[in-house]
Amino acid sequence: MPRVIGHLDLDYFYAQVEEVENPAIKTRPVLVCVFSGRTEDSGVVSTANYRAREAGVKSGMPITLAKRKLQGMDLVIVRMERSKYESVSERVMELVRTKVDVLEKTGIDEAFFDLTRSSNGDYKSASETAGLIRVSILEEEHLTCSVGLGRSKVVAKLGSDTAKPAGLMVVPPESTESFMGGMAVTKLYGVGPKTGKTLEELGIRSIADLAHADPATLERAFGRKTTAYLHAAANGIDDDQVKESQTPTQFSRIITLKNDTTDAEEVMAQLSDAEDDLRDKLISTNTSFRTLTAIAVLTDLSTKTRSKAFEVPVNNLSSVKGSALELFGQLSDTADREFRRVGIRVSDLEGNQDQSSISEFLRQS
DNA sequence: GTATGCTTTCGGC
DNA sequence: TTACGGCCGAAAGCATAC
């Protein structure tokens with residue numbers, strides 16, 4: 001039986017949540033922004049609605065530039081409030097979970113799902129379920145979304161991409177080649193600028209080009225493993241299963257400094273709130289970590305990191321402050337520019353079976 | 001040569 | 001002309017073991 005895999009993507013998510021909260025702004029360009037606090041408008045656009053995108057605004061764009069692109073228009077700027085979008089996301093995912101076999105949340109606004117069993121491999125039946133999912137998200141949360149259905153994650157993802165905004169793209173297995181073949185290879189998950197450039201140099205531009213490329217040529221350029229993946233992906237094949245979302249692998253907090261510096265003590269002082277926040281996150285999720293990383297974004301926006309692994313899992317972030325200071329010292333020693341932004345990351349996470357600290361945390365807060 | 005595991009960088013949203 | 005966040009997972013890079 002062919003698999004029926006779906007990919008769900010909530011349209012321009014943060015900005016759409018703001019529109020739902022305040023429908024009067026729907027007809028205007030809306031920017032959900034992160035302000036760094038350095039100067040009045042210092043920061044970037046996190047998400048823009050389609051009215052703003054039409055004017056050339058993209059996510060990650062400096063706010064000042066976005067404002068220029070939209071000058072003369074009746075612009076709405078909203079400060080990003082992540083916890084709000086997280087709650088909406090959770091509710092949407094719960095709703096979808098009741099209608100599919102398996103749901104794998106892959107981001108705050110997207111998820112893969114499996115309908116193979118419930119549709120018995122029938123794409124007509126699966127399309128109806130996908131339609132039902134879209135309608136219920138619209139009815140319950142007033143949000144539009146885009147959905148793709150196909151025989152693998154690769155196809156489903158390309159499907160939702162093609163369908164957006166507010167569409168459904170169903171790609172039955174026999175249509176996979178005609179659906180994907182004409183697309184640029186760079187549309188494939190895992191083909192970024194670097195791989196794309198190398199492929200271009202080999203004369204491979206479309207997914208069909210890649211699907212029919214000589215394996216030996218690809219292996220010389222990318223090695224065995226990547227070639228196997230690329231070849232399969234270009235044919236719309238991947239065995240990657242939809243699995244219930246796994247536990248997180250890392251937590252991090254990053255801030256923009258008041259002023260550029262390389263002074264490790266100053267960095268630690270300014271990171272104090274971020275550190276408290278990360279400590280709370282570890283406590284509330286009852287998680288320990290084995291690796292601590294210091295992150296520095298230099299004035300040219302390049303990123304440098306230094307990390308330290310501990311023999312035994314650490315459950316108290318405060319106990320490794322000294323290590324963090326050392327890591328920032330290492331970064332200062334090697335960096336050729338000042339730091340603009342700094343952060344801390346914990347990874348190699350381990351859940352703790354003992355639940356008592358959760359209740360203790362809740363009681364305290 | 002290949003697998004494994006760790007650190008650092010990349011890239012999507 | 002420049003401008004410029006805060007997350008996350010995955011890829012890339014490197015060393016070691018067999």
Side-chain angles (χ1 to χ4, degrees), chain A residues 9-17 31-48 53 57-69 79-83 85-86 89 104-111 157 160-161 164 186-196 198 219 222-226 229-230 240 245-257 260 271 273-274 277-278 281 290-311 327 330-331 334-335 339-349:
Chain A
D9 196 318
L10 296 163
D11 299 325
Y12 62 105
F13 184 49
Y14 298 173
Q16 205 190 346
V17 169
L31 307 183
V32 175
C33 298
V34 187
F35 293 90
S36 70
R38 274 216 164 179
T39 60
E40 169 112 357
D41 271 348
S42 175
V44 299
V45 175
S46 180
T47 312
R53 290 184 196 191
V57 174
K58 291 193 162 61
S59 121
M61 181 177 275
I63 295 166
T64 49
L65 176 54
K67 275 189 164 179
R68 188 159 331 143
K69 296 220 177 239
R79 182 177 295 269
M80 185 179 93
E81 205 181 319
R82 191 182 298 264
S83 59
Y85 317 127
E86 275 169 359
S89 169
E104 178 178 348
K105 185 173 176 172
T106 53
I108 193 166
D109 64 347
E110 58 179 271
K157 179 86 164 79
S160 66
D161 226 41
K164 73 175 59 164
T186 50
K187 288 248 176 190
L188 277 182
Y189 182 77
V191 179
K194 202 178 149 196
T195 310
T198 309
E219 277 200 23
F222 301 106
R224 205 183 91 254
K225 213 173 159 181
T226 306
Y229 168 77
L230 286 175
D240 200 8
S245 307
Q246 53 287 65
T247 52
T249 62
Q250 59 175 245
F251 296 133
S252 63
R253 290 295 180 270
I254 184 163
I255 60 158
T256 299
L257 293 164
D260 300 338
L271 271 174
D273 286 354
D277 200 44
L278 191 55
K281 178 85 181 176
R290 284 198 48 223
T291 304
L292 177 72
T293 303
I295 305 164
V297 178
L298 311 189
T299 51
D300 65 348
L301 301 182
S302 64
T303 304
K304 301 283 173 205
T305 63
R306 284 296 176 272
S307 56
K308 173 170 178 163
F310 298 96
E311 292 290 330
L327 291 168
Q330 290 175 25
L331 283 169
T334 54
F339 306 159
R340 179 186 175 88
R341 300 159 59 202
V342 291
I344 36 179
R345 174 165 65 218
V346 293
S347 53
D348 252 321
L349 303 181

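Because the structure is a prediction, the values reported are computed rather than measured. Below, chains carry the letters A, B, ... as their sequence lines are ordered, and counting in each starts from 1.
Rounded to whole Å, the distance from CG on A/Leu278 to P on C/dG6 is 14 Å. In this structure, A/Leu271 atom CG and C/dG6 atom P are separated by 11 Å, rounded to whole Å. What separates CG of A/Leu292 from P of B/dT8 is a distance of 12 Å, to the nearest Å. When rounded to the nearest whole Å, the span between NZ of A/Lys58 and P of C/dA3 equals 19 Å. Between the CG atom of A/Leu230 and the P atom of C/dA11 there is a distance of 11 Å, given to the nearest Å. The CG atom of A/Asp348 sits 14 Å away from the C1' atom of B/dT8 (whole-angstrom rounding). Atom CZ of A/Phe13 is separated from atom C1' of C/dC8 by 16 Å (rounded to the nearest Å). The interatomic distance linking A/Asp109 (CG) with B/dC13 (C1') rounds to 6 Å, in whole Å.
Of the possible polar contacts, one joining the A/Arg53 side chain to the A/Ala48 backbone as a donor-acceptor pair under 3.5 Å is found. At least one donor-acceptor pair under 3.5 Å links the side chain of A/Ser89 to the backbone N or O of A/Ile108.
Residue-level contact check: A/Ser46 touches the bases, meaning some heavy atom is under 4.0 Å from a base atom. Note on A/Lys157: only backbone sugar-phosphate atoms sit closer than 4.0 angstrom, heavy atoms only; bases stay farther off. Residue contacts shown for A/Ile255 are limited to sugar-phosphate atoms, with no base heavy atom under 4.0 Å away. The residue A/Gly60 sits close to a base: some heavy atom pair falls under 4.0 Å. At the heavy-atom level, A/Arg253 lies under 4.0 Å from the strands shown only through sugar-phosphate atoms.
The nucleotide whose nearest atom lies closest to any side-chain atom of A/Phe251 is, among C/dC4, C/dG6, C/dC8, C/dC8. Nearest to the side chain of A/Arg345, among C/dC4, B/dT9, C/dC7, sits B/dT9.
Of the two residues contacting DNA chain C, namely A/Gly43 and A/Thr247, the nearest-nucleotide position lying further toward the 5' end is that of A/Gly43. Between A/Leu65 and A/Arg82, the residue anchored nearer the 5' end of DNA chain C, judged by the nucleotide with its closest heavy atom, is A/Leu65.
An OP1 or OP2 oxygen of C/dG5 is reached within less than 4.0 angstrom by a side-chain nitrogen or oxygen of A/Arg340. For C/dC8, the OP1/OP2 oxygens have no side-chain nitrogen or oxygen of A/Thr249 closer than 4.0 Å. Taking only side-chain nitrogens and oxygens, A/Ser36 comes nearer than 4.0 Å to OP1 or OP2 of C/dG5. Between A/Lys67 and C/dT2 there is no side-chain N or O to OP1 or OP2 distance below 4.0 Å. A/Arg68 has no side-chain polar atom (N or O) that falls below the 4.0 Å cut-off from OP1 or OP2 of C/dA3.
Looking at A/Asp260 and A/Arg38, their side chains come closer than 4.5 Å, going by heavy atoms from C-beta outward. Contact check for A/Leu327 versus A/Thr293: no side-chain heavy atoms found under the 4.5 Å cut-off. Considering only heavy atoms from C-beta on, A/Leu257 comes within 4.5 Å of A/Val342 through its side chain.
Checked options A/Leu298, A/Val297, A/Ile255; the residue passing with A/Arg341 is A/Val297 (criterion: side chain to side chain contact (heavy atoms under 4.5 Å, CB included)). Partner of A/Val57 under the side chain to side chain contact (heavy atoms under 4.5 Å, CB included) criterion, out of A/Leu65, A/Ile63, A/Thr47, A/Val45: A/Val45 alone.
The aromatic rings of A/Tyr85 and A/Tyr14 sit parallel, their planes meeting at an angle under 30°, below the 60° perpendicular limit.
Annotation: proximity of residues 303-310 of chain A to DNA chain B (heavy atom, distance under 4.0 Å) is found for A/Thr303, A/Lys304, A/Thr305, A/Arg306, A/Ser307, A/Ala309, numbered in ascending order.
Contact of A/Thr256 with C/dG5 (side chain to base): no donor-acceptor pair of N or O atoms is detected under 3.5 Å.
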